[in-house]
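Just follow the structure's listing: the first ligand is 1, and inside any ligand the first atom is 1. Keep in mind that the numbers below use all heavy atoms, side chains included, and drop hydrogens, waters and symmetry copies.
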Amino acid sequence: MKLGTAESEPGEISTGYFSVTELPTGQPEQVPVILADGEEPGPTVWVTGTIHGDEPTGMAAVHEFVTLIRDEPLRGTVVCVPVMNPSGLRTNTRTSYYHGDDPNRHFGVESESGETPPSVQQLICERVYEEIKTSADAVISLHTSWVATYPYTIRPRVSYGEHREETVAVELRNRLVELTEAFGLPIVNQFGHDETTQRSLEHTLTGAAIADGIPAFTPELGGRFVVERDVCEAAVDGLYNVLYASGMVDEPATSSPEFGLPADDDLKRLVHPHTDTAGLVRYRVREGDWVESGEAIADIVTPCGELKAEVNAEHSGYVLSRYERVAVYENDPLLDMAVLDDEPLLRNCSE
Ligand SMILES: [Zn+2]
C-alpha cells in the first residue's frame, strides 16, 4: 500500500505525509501517515485521530499503539492518520482555520451537486476519504468530548431499505457490536435517527463509512485539550483488541484500565437536561454518575450566589459530560447523558 510518501513493506512500519491541498503560502498541507503492514495478508483497519484540533488524546493513542504493534507479527494492514486536522492542531482549535468549518461534517457529501464548488476543507475530506473508502475494512475515528467527560464509544445506528438489503445491514450491525465491544469502553448508541440527521452526523467520517457499508465507530476518549493518560492507555488496548477481533493478532491485550457504565439494556446519547433559567451553573453531579429521573443535577445561581432555580433530569441515565461553561442562557444544555435506548440499532428506513 502507498499513501502519500508512506509506502508499506511487509513486516515494517513506514511513516510519511499525504498532501491534501496547497496552502496560499506555497507549502503543501499534509496529514501524517503511519502504515503498519503485516507479514501475512488480512484486513485493513484505519485509525484516525485529532480531526478536531483540540482533541489530542486520539493522536497520542495512535503514537503509543504503533509502538505496541511495532514488533508484533501482524496479519493485514493498519493505516493510521494521527492528525486529520493539521490546521486545527496548529491553533489548538476544533475547526480548521481555512474557513472555520468543522472538518468532521464534510464526509460523504456529493460535491457535484449544486453550483457552489466544494470548500478546501471539503476537498481535503474527499481526498482522505477516497483512500479510506477504497481500502478500509474497519474505521476507528478517535475523538474526545467536553473537558469533563467519562470515556465512552459512540456506536452508530445502521439502516436498511432503499439503499441496503436487510441481511447486509444485519451483518454490518453485528460487526459493529463485535468491534465496539472489543474496544472495551462503555458503549453508547448514537442519538436517535431524527437527532442524528438534524446534527448532520451522517457526514461525519463514521457516518459516511457506515453509509458505505464499512464498520466504523467513534470512541470519545475523555475530555479535550490535554492527553488523558488513563483513557489513552485504555484506547491503545482497545485498538489492539479490535485487531484481535479482526484476526490480525493472536492474543488480546494483556491489561486495560477499567471504565464501565453498567446497564442491562442499550444506552443512547442524549443532550439533556437544558436549563430554562439564565444564570451561573453549579453542578451537583459529575461524569460517570448515575442520575435518577427527577433528580436535581444542578443549581442555577445569581452572581451574588442566590439560588434562582434547580435543574432536574427528566430521564434516568449516566452523566457522560458536563458542559464547559458556567454562564448559561435560556435553554442551554447542561449535560450529555447516556439514557436507555428506545430506538433499535437496526432500522428499516423504508417504513
Ligand atoms: Zn471530536
N-O pairing of [X] and [Y] below 4.0 Å:
{"X": "Glu233", "Y": "Arg229", "answer": "yes"}
{"X": "Glu324", "Y": "Arg224", "answer": "yes"}
{"X": "Asp341", "Y": "Arg269", "answer": "no"}
{"X": "Glu131", "Y": "Arg127", "answer": "no"}

Protein N/O/S atoms closer than 2.8 Å to the Zn ion (ligand 1) number 4
Side-chain atoms of residues 36-45: list all donor-acceptor pairs with protein atoms under 3.5 Å, sequence neighbours left out, distances to 0.1 Å.
{"residue": "Asp37", "atom": "OD1", "partner": "Thr77", "partner atom": "OG1", "Å": "2.9"}
{"residue": "Asp37", "atom": "OD2", "partner": "Ser8", "partner atom": "OG", "Å": "3.3"}

### Query
For atom CD of Glu171, is the number of surrounding heavy atoms from other residues, nucleotides or ligands below 6.0 Å larger than 12?
no
